[in-house]
Amino acid sequence: MCRGEMQSTKAADTAATDKSLDKNRLISRDELRSHNVPQDAWAAVHGRVINITEFARRHPGGDIILLAAGKDATVLFETYHPRGVPTSILDKLQVGKMKDGELPSSFYSWDSDFYKTLRARVVERLDKLNLPRRGGYEIWVKAVFLLAGFWFSLYKMSVNETYWAASLWSVSMGVFAAFIGTCIQHDGNHGAFSTSPALNKVAGWTLDMIGASGFTWEIQHMLGHHPYTNVLDVDEEKRKEAGDDCPMEDKDQESDPDVFSSFPLMRMHPYHKAEWYHRYQHLYAPVLFAFMTLAKVFQQDIEVATTQRLYHIDAKCRYNSILNVLRFWSMKVLSIGYMLAVPCYFHGILGGLGLFLIGHFACGELLATMFIVNHVIEGVSFGKKGESLGLSKDVEFKPTTVSGRTPMEQTRAEAKKAANGGNVKDVPYNDWAAVQCQTSVNWSPGSWFWNHFSGGLSHQIEHHLFPSICHTNYAHIQDVVQKTCEEYGVPYQSEPSLYSAYGKMLSHLKYLGNEKKVA
């Protein structure tokens with residue numbers, strides 16, 4: 001999406017918008033979805049339909065805007081522009097308006113000024129500290145160190161004649177690969193590594209370098225998990241339980257794939273049915289975590305690239321491009337070559353395969369540990385939507401914990417008490433930014449070291465609220481976010497350490513494994 005800092009709308013002037021076109025003509029959901037490829041891309045923003053096909057070439061944020069192709073991109077538009085976007089840009093790109101009732105009722109509300117206030121205060125803090133919103137020397141120096149560590153470890157793993165020593169270098173390679181995933185590609189694919197679209201693309205490509213696919217990651221993480229954190233479409237779940245698969249055009253995009261796809265044999269959302277083996281998931285989960293990257297590299301990536309979909313999410317915005325498909329397959333071959341074939345050459349087939357697996361186990365365990373504690377943990381909330389719930393279109397969806405509590409009811413009361421009778425604006429339970437705070441948990445908040453160590457994952461709330469801000473800034477804006485949440489009566493949950501968060505995550509998995517399905 002375009003950046004609010006743009007000084008002019010010259011780029012938008014050249015967008016492929018027919019001057020004679022009625023910009024107020026009504027557009028159906030089917031028509032919007034038919035423009036879902038890089039060569040022909042439309043998107044809906046607060047009911048306005050814009051043509052982003054040509055604009056993507058001049059978009060200051062790069063082709064990240066094409067992820068919105070054929071979709072309701074309201075969440076992406078709002079969350080990737082902390083400084084806002086001039087309405088004149090949308091005016092020039094507009095090709096129509098969505099027909100009333102064409103898009104499924106959204107889980108979210110945008111009526112509160114909570115997020116507007118948050119954005120203004122965070123931008124003010126960054127300006128005061130003279131910190132760039134995207135990129136900076138801290139992340140670039142760290143990137144050089146991590147890339148050097150990965151390739152040096154891979155080299156030593158391959159040529160070391162002592163197998164136990166090679167195994168230790170394999171662990172080192174896996175750890176560096178995990179940090180490349182959290183500290184380089186994560187920011188790059190979010191458009192936060194640099195102000196240069198080309199440098200962001202290179203940073204995002206490092207995920208392909210370590211064996212996975214940056215494109216598949218974008219589809220799952222940026223189109224599924226980030227906009228709709230811990231939200232589940234119960235209608236789709238019922239169809240899956242019945243063995244039905246409705247056409248892609250009938251699926252609701254507002255559902256978080258991370259709560260049902262990241263790990264098999266695990267129950268991560270209270271709506272899911274509890275099987276007998278889930279009673280032990282808190283025991284086998286740490287073992288299962290180690291297989292995460294292997295599943296991504298050899299199963300999910302290939303499945304998404306060949307089917308051009310990720311569960312309910314249309315992936316044609318990336319995989320309908322010949323160049324993107326060539327990048328996908330060439331990097332699969334190359335990465336398997338230097339991460340598996342080369343070690344096999346030096347250590348034999350079994351030895352090389354063993355080193356490859358050791359590296360992946362180390363990488364998967366570290367990545368899964370830092371990711372899962374942020375959204376699957378005691379006290380975190382979950383949301384569900386769907387026509388089968390029997391709720392009216394005007395209902396205010398309310399995230400709840402696995403025990404049925406709504407933590408925001410308590411924080412609202414605390415804010416009003418602290419105001420001593422003063423005015424505390426009511427934020428809807430389903431306000432998008434408030435939902436991010438209710439479904440995310442920080443650990444070691446405010447810590448510069450742990451923020452760098454985790455690539456900003458320790459400040460998960462800040463990251464979800466501001467995905468286009470470089471993770472090196474999160475420790476500097478954490479207090480602003482927390483104080484604003486307290487002022488508005490919005491939950492802000494944090495744990496003192498990763499150790500504490502990990503323990504509560506296992507306790508939460510145990511609880512989920514023994515609880516019945518929530519209706």
Side-chain angles (χ1 to χ4, degrees), residues 1-3 38 56 59-69 71 73 75-77 79-82 133-136 139-140 142-143 146-147 150 177-229 256-258 262 292-293 296-297 300-301 304-305 310 313 315-319 321 323-325 327-328 331-332 335 363 367 370-371 374 454-457 460 462-474:
M1 307 298 288
C2 52
R3 289 167 50 212
H59 177 231
D63 73 350
I64 187 176
I65 192 175
L66 292 176
L67 291 173
K71 303 174 180 69
V75 176
L76 296 176
F77 176 82
T79 58
Y80 277 83
H81 306 99
R133 175 168 68 88
R134 301 188 294 175
I139 192 172
W140 297 336
K142 182 163 65 168
L146 294 176
L147 290 170
F150 171 80
F179 285 130
I180 287 173
T182 58
C183 300
I184 303 177
Q185 79 82 23
H186 195 182
D187 284 77
N189 281 318
H190 273 300
F193 187 84
S194 169
T195 56
S196 165
L199 196 53
N200 279 325
K201 183 66 71 175
V202 172
W205 168 85
T206 59
L207 186 60
D208 298 69
M209 183 196 76
I210 61 176
S213 168
F215 294 137
T216 298
W217 184 90
E218 285 179 317
I219 301 300
Q220 173 154 354
H221 192 75
M222 296 169 67
L223 294 182
H225 171 62
H226 255 267
Y228 315 117
T229 314
D256 182 0
D258 277 13
S262 291
M292 185 187 80
T293 55
K296 297 288 186 186
V297 171
Q300 187 184 69
D301 282 353
V304 175
L310 175 69
I313 307 174
K316 290 182 180 178
C317 58
R318 284 306 191 211
Y319 287 111
S321 164
L323 290 178
N324 288 350
V325 172
R327 167 182 145 175
F328 174 86
M331 286 309 302
K332 282 294 180 186
S335 61
C363 182
L367 279 176
M370 288 194 292
F371 273 112
N374 296 314
S454 65
L457 298 182
Q460 191 70 188
E462 287 71 23
H463 174 58
H464 268 254
L465 291 170
F466 302 101
S468 66
I469 291 181
C470 183
H471 78 261
T472 55
N473 291 323
Y474 294 157

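We're numbering straight along the sequence, starting at 1.
Using modelled atom types and a 3.5 Å distance limit, the side chains of R134 and S468 yield no donor-acceptor pair. Under 3.5 Å, the side chains of S213 and Y319 contain a donor-acceptor pair of N or O atoms.
Contact between C317 and L223 at its shortest, heavy atoms only, is SG-CD1, 4.1 Å. Between N200 and F193, the shortest heavy-atom contact is OD1-N, 3.0 Å. Contact detail for Y474 and I469: the closest heavy-atom pair is OH-O, 2.9 Å. Of all heavy-atom pairs between A68 and A73, the closest is CB-CB, 3.5 Å. Heavy atoms only, all atoms of each residue included: P227 and L76 are closest at CG-CD2, 4.5 Å. The minimum heavy-atom distance between P257 and I313, with the atom names listed, is CG-CD1, 4.2 Å.
The line from CG of D187 to OG1 of T182 is 9.0 Å long, rounded to the nearest 0.5 Å. Distance check: Q300 CD to T216 OG1 gives 6.5 Å after rounding to the nearest 0.5 Å. Interatomic distance, CG of L367 versus OG1 of T293, reported as 7.0 Å (0.5 Å rounding). With rounding to the nearest 0.5 angstrom, the CZ atom of F77 is 9.5 Å from the CD1 atom of I65. Between the CE atom of M331 and the CE atom of M209 there is a distance of 8.0 Å, given to the nearest 0.5 Å. Between atom CE of residue M222 and atom CD1 of residue I219 there is a gap of 9.0 Å, rounded to the nearest 0.5 Å.
Relative ring orientation between W217 and H221 is described as parallel, the plane-to-plane angle staying below 30° on a 0-90° scale split at 30° and 60°.
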Original post:
Stepwise, does the side chain to side chain contact (heavy atoms under 4.5 Å, CB included) test hold for R318 with L67?
Top reply: CA-CA 7 Å; R318 284 306 191 211; L67 291 173; 3.7 Å; yes
**OP:** Tell me, with the steps shown, if F371 and H225 meet side chain to side chain contact (heavy atoms under 4.5 Å, CB included).
**Re:** CA-CA 12 Å; F371 273 112; H225 171 62; over 6 Å; no
**OP:** Walk me through it: do I64 and Y80 pass the test side chain to side chain contact (heavy atoms under 4.5 Å, CB included)?
**Re:** CA-CA 10 Å; I64 187 176; Y80 277 83; 4.0 Å; yes
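Contact of the E462 side chain with the N473 side chain is not registered, since no non-hydrogen atoms from C-beta on lie closer than 4.5 Å. Side-chain contact between I210 and Q185 is absent, with no heavy-atom pair separated by less than 4.5 Å.
Qualifying side-chain contact (heavy atoms from CB on, under 4.5 Å) partners for K332, counting only residues two or more places apart in sequence or in other chains: V297, D301, F328. For N374, the side-chain contact (heavy atoms from CB on, under 4.5 Å) test picks out W443, L457, Q460, with sequence neighbours left out. With sequence neighbours excluded, no residue forms a ring-ring contact (aromatic ring centres under 6.0 Å, His included) with Y228.
Side chain of D208 to main chain of G214: a donor-acceptor pair is present (N/O by atom type, distance under 3.5 Å, no hydrogens or angles).
Of the options H186, H190, K142, a side-chain contact (heavy atoms from CB on, under 4.5 Å) to H471 is made by K142 and by none of the others.
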